[in-house]
**Student:** 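This is the structure I have questions about; it appears just below.
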Amino acid sequence: MNAPLPTDSVVAVVVTRHRTELLVDSLAAMAKQSHPVAHLVVVDNGPDQPAREVVEACGLPVTYLRSWHNLGGAGGFALGMLHALALGADWVWLGDDDGRAADEHVLATLLDTARRRDLAVVSPVVADQADPDTLAFPLRRGLRWHRGRDALGDGELLPGIASFFNGALFRASTLDVVGVPDLRLFVRGDEVEMHRRVVRSGLPFGTCLRAAYVHPNGSDEFKPMLGGRLHAQDPEDPVKRYYTYRNRGYLFGQRGMRLIGALELVRFGWYFLISKRDPAGFREWLRLVRLGRRERFHRAP
């Protein structure tokens with residue numbers, strides 16, 4: 001596509017890898033939005049099992065970017081977002097290959113909220129696809145963790161909190177200020193790092209409580225302690241654990257997050273040494289966190 005898009009156009013960006021069955025539902029939900037998506041950009045990190053047929057059959061004008069180098073979620077979204085800007089997008093809507101807009105009005109609702117409230121970014125509530133009254137990921141407010149949507153209140157907007165890679169809508173001008181995800185993080189923590197940049201920028205953002213994006217429940221990794229008052233993220237998969245802890249080490253050494261980083265030592269020390277009684281796990285956590293603090297961004301062994 002050579003000509004720029006019409007003014008005020010929305011370009012959707014989705015990153016996928018080896019999940020074509022789920023991708024079908026994600027793209028179908030985008031294609032039926034009451035406010036039309038002007039163009040769809042799909043970055044495929046798994047070209048050995050290509051998703052081209054699914055993408056080109058979705059009913060939207062599309063750009064299919066097949067990457068023979070696995071860019072991860074961070075690099076995939078960075079590539080897709082830059083391509084959206086190059087197309088002339090005024091708004092960039094981020095989607096996931098295993099999640100989808102809950103109904104056909106999600107995009108219109110997000111746009112309306114962003115325009116009326118002059119928001120730089122607005123995201124929908126990310127709900128459990130099996131139980132939409134439950135959050136797909138636990139939400140921390142202060143020291144408390146919440147799993148139910150009712151804990152978010154009954155207003156229109158939850159300011160200062162957002163989930164960026166599951167249905168969030170960015171103004172193009174916002175990306176000029178905060179940039180795109182950091183390729184080095186690959187997966188895990190890339191969304192938190194974008195959140196940090198948006199907070200530091202001073203731009204207004206939040207979660208629209210009138211819109212929802214459904215996603216498989218991801219709460220299993222968050223292990224409760226102290227009677228559920230605190231949680232620690234402890235993935236079972238060693239590759240996910242590597243990226244989770246290494247990237248957290250980097251993140252919590254950055255400006256605006258160092259106090260939280262100091263509290264992490266106490267929290268994970270308590271989790272591994274007292275709740276789980278796993279000194280070896282704590283030593284491994286420390287090793288990976290130190291890799292991140294030193295910016296040793298090698299891929300998982």
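What's counted below: heavy atoms across the whole structure, side chains too, no hydrogens, waters or symmetry copies. For this chain, numbers begin at 1 and follow the sequence in order.
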**Student:** Can you hop from Leu203 to Leu175 via hydrophobic side chains spaced under 4.5 Å?
**Tutor:** yes
**Student:** Test of understanding: with side chain to side chain contact (heavy atoms under 4.5 Å, CB included), list the residues that count as partners of Ala300, not counting sequence neighbours.
**Tutor:** Val239, Tyr242, Tyr243
**Student:** Considering only heavy atoms from C-beta outward, does the side chain of Arg246 approach that of Arg188 to under 4.5 Å?
**Tutor:** no
**Student:** Side chains of Thr134 and Asp128: any donor to acceptor distance under 3.5 Å?
**Tutor:** no
**Student:** Hey, quick one: are Leu65 and Leu85 part of the same hydrophobic cluster, counting side-chain heavy atoms closer than 4.5 Å, chains of contacts allowed?
**Tutor:** yes
**Student:** So, does Asp96 use its side chain to make a donor-acceptor pair with the main chain of Asn166 at under 3.5 Å?
**Tutor:** no
**Student:** Same cluster or not: are Val41 and Leu22 linked, directly or through other Ile, Leu, Val, Met, Phe, Trp or Tyr residues, by side-chain heavy atoms under 4.5 angstrom apart?
**Tutor:** no
**Student:** With rounding to the nearest 0.5 angstrom, report the CG to CZ distance, Leu71 to Phe77.
**Tutor:** 12.0 Å
**Student:** Does the pair Val192 and Met257 meet the rule for a side chain to side chain contact (heavy atoms under 4.5 Å, CB included), with working shown?
**Tutor:** CA-CA 10 Å; Val192 177; Met257 302 193 76; 3.9 Å; yes
**Student:** Using the side chain to side chain contact (heavy atoms under 4.5 Å, CB included) rule, take Leu158 and Leu209 through it: C-alpha gap first, then chi angles, then the decisive distance, then the call.
**Tutor:** CA-CA 7 Å; Leu158 190 63; Leu209 301 181; 4.3 Å; yes
**Student:** Could you walk me through whether Met194 and Val121 satisfy the side chain to side chain contact (heavy atoms under 4.5 Å, CB included) test, starting with their C-alpha distance in whole Å, then the side-chain angles of each, then the deciding distance to 0.1 Å, before giving a yes or no?
**Tutor:** CA-CA 11 Å; Met194 279 288 288; Val121 193; over 6 Å; no
**Student:** Using 30° and 60° as the class boundaries, would you call the ring planes of Tyr271 and Phe268 parallel, tilted or perpendicular?
**Tutor:** perpendicular
**Student:** Could you check whether any side-chain N or O of Arg241 sits under 3.5 Å from a backbone N or O of Trp285, counting only pairs where one atom can act as donor and the other as acceptor?
**Tutor:** no
**Student:** Indicate whether the side chain of His39 and that of Thr63 have a donor and an acceptor atom separated by less than 3.5 Å.
**Tutor:** yes
**Student:** Between CZ of Arg296 and CG of Leu288, what distance do you get to the nearest 0.5 Å?
**Tutor:** 13.5 Å
**Student:** Measure the shortest side-chain to side-chain distance between Phe205 and Ser123 over non-hydrogen atoms and say whether it is less than 4.5 angstrom.
**Tutor:** no
**Student:** Tell me, please, which residues at least two apart from His215 pass ring-ring contact (aromatic ring centres under 6.0 Å, His included).
**Tutor:** Phe137
**Student:** Could you check whether atom CZ of Arg299 has more than 12 heavy atoms from other residues, nucleotides or ligands sitting under 6.0 Å from it?
**Tutor:** yes
**Student:** So, for Ala232 and Arg267, which heavy atoms are closest and what is the spacing to 0.1 Å?
**Tutor:** CA-NH1, 3.8 Å
**Student:** Quick one: does Leu94's side chain get under 4.5 Å of Met81's, heavy atoms only?
**Tutor:** yes
**Student:** Linking directly or through intermediates, with side-chain heavy atoms under 4.5 Å: list the remaining ILVMFWY members grouped with Val214, chain and number order.
**Tutor:** none
**Student:** What distance do Glu191 atom CD and Phe165 atom CZ have between them, rounded to the nearest 0.5 Å?
**Tutor:** 5.5 Å
**Student:** Quick one: does Arg258's side chain have a donor or acceptor within less than 3.5 Å of a partner on Gly253's backbone?
**Tutor:** yes
**Student:** Please list every donor-acceptor pair under 3.5 Å in which a side-chain atom of residues 176-187 meets a protein atom from a residue at least two apart or in another chain.
**Tutor:**
unit_1	atom_1	unit_2	atom_2	d
Asp182	OD1	Arg184	N	3.0
Asp182	OD1	Arg184	NE	3.2
Asp182	OD2	Arg184	NE	3.2
Asp182	OD2	Arg184	NH2	2.9
Arg184	NH1	Glu295	OE1	3.1
Arg184	NH2	Tyr250	OH	3.1

**Student:** Locate the shortest heavy-atom distance separating Arg210 from Glu156; write the atom from each residue and the value.
**Tutor:** NH2-OE2, 3.0 Å
**Student:** At their closest point, which heavy atom of Arg17 faces which heavy atom of Asn45, and how far apart are they?
**Tutor:** NH1-O, 2.9 Å
**Student:** Got more than 12 heavy atoms from elsewhere within 6.0 Å of CZ, Arg116?
**Tutor:** yes
**Student:** Salt-bridge test for Arg19 and Asp97: reply yes if a basic N is under 4.0 Å from a carboxylate O, no otherwise.
**Tutor:** yes
**Student:** Rounded to the nearest 0.5 Å, how far apart are CG of Leu263 and CG of Leu265?
**Tutor:** 9.5 Å
**Student:** With a 3.5 Å distance limit and no angle check, can you tell me whether Arg149 reaches the backbone of Pro132 through a side-chain donor-acceptor pair?
**Tutor:** yes
**Student:** Any side-chain to backbone donor/acceptor pair from Thr207 onto Ile161? Under 3.5 Å, distance only.
**Tutor:** yes
**Student:** Just do the side chain to side chain contact (heavy atoms under 4.5 Å, CB included) check on Arg287 and Arg290 with the steps written out, would you?
**Tutor:** CA-CA 5 Å; Arg287 183 184 74 83; Arg290 286 169 179 157; 5.9 Å; no
**Student:** Quick check against the 3.5 Å criterion: does Ser26 have a side-chain atom that pairs as donor or acceptor with the backbone of Gly99?
**Tutor:** yes
**Student:** Quick one: does Ser34's side chain have a donor or acceptor within less than 3.5 Å of a partner on Glu104's backbone?
**Tutor:** yes
**Student:** Does Val13 reach the side chain of Val92, with side-chain heavy atoms less than 4.5 Å apart?
**Tutor:** yes
**Student:** What closest approach, in Å, do Arg255 and Arg196 show between heavy atoms, and which atom pair accounts for it?
**Tutor:** O-NH1, 3.1 Å
**Student:** Please report the shortest heavy-atom distance between Ala101 and Gln33, naming the atom on each side.
**Tutor:** CB-NE2, 3.7 Å
**Student:** Rounded to the nearest 0.5 Å, how far does OG of Ser173 lie from CZ of Phe170?
**Tutor:** 11.5 Å
**Student:** Of all heavy-atom pairs between Ala162 and Gly206, which one has the smallest distance, and what is that distance?
**Tutor:** CB-O, 4.0 Å
**Student:** Is there side-chain contact between Lys240 and Glu221, with heavy atoms separated by less than 4.5 Å?
**Tutor:** yes
**Student:** To which residues is Val55 joined in a hydrophobic cluster, defined by side-chain heavy-atom contacts under 4.5 Å among Ile, Leu, Val, Met, Phe, Trp and Tyr, whether direct or through other members?
**Tutor:** Val10, Val14, Leu23, Val24, Leu27, Met30, Val37, Leu40, Val42, Val54, Leu60, Val62, Tyr64, Trp91, Trp93, Val106, Leu107, Leu110, Leu111, Leu119, Val122, Leu157, Leu169
**Student:** Give, for atom CG of Asp103 and atom OG1 of Thr109, the distance between the pair rounded to the nearest 0.5 Å.
**Tutor:** 7.0 Å
**Student:** Below 4.5 Å, heavy atoms only, C-beta onward: do Asp118 and Pro204 meet side chain to side chain?
**Tutor:** no
**Student:** Taking atom CZ of Arg52 as the centre, report whether more than 12 heavy atoms of other residues, nucleotides or ligands fall under 6.0 Å from it.
**Tutor:** yes
**Student:** Could you check if a side-chain atom of Val125 sits within less than 4.5 angstrom of a side-chain atom of Leu135, using non-hydrogen atoms only?
**Tutor:** yes
**Student:** Heavy-atom count around Asp237 CG within 6.0 Å, excluding the residue itself: above 12?
**Tutor:** yes
**Student:** Provide the full list of salt bridge (Lys or Arg N to Asp or Glu O under 4.0 Å) pairs with a residue in residues 24-45, sequence neighbours left out, each pair given once.
**Tutor:** none
**Student:** How about Gln233 and Arg248: does a side-chain donor come under 3.5 Å of a side-chain acceptor?
**Tutor:** yes
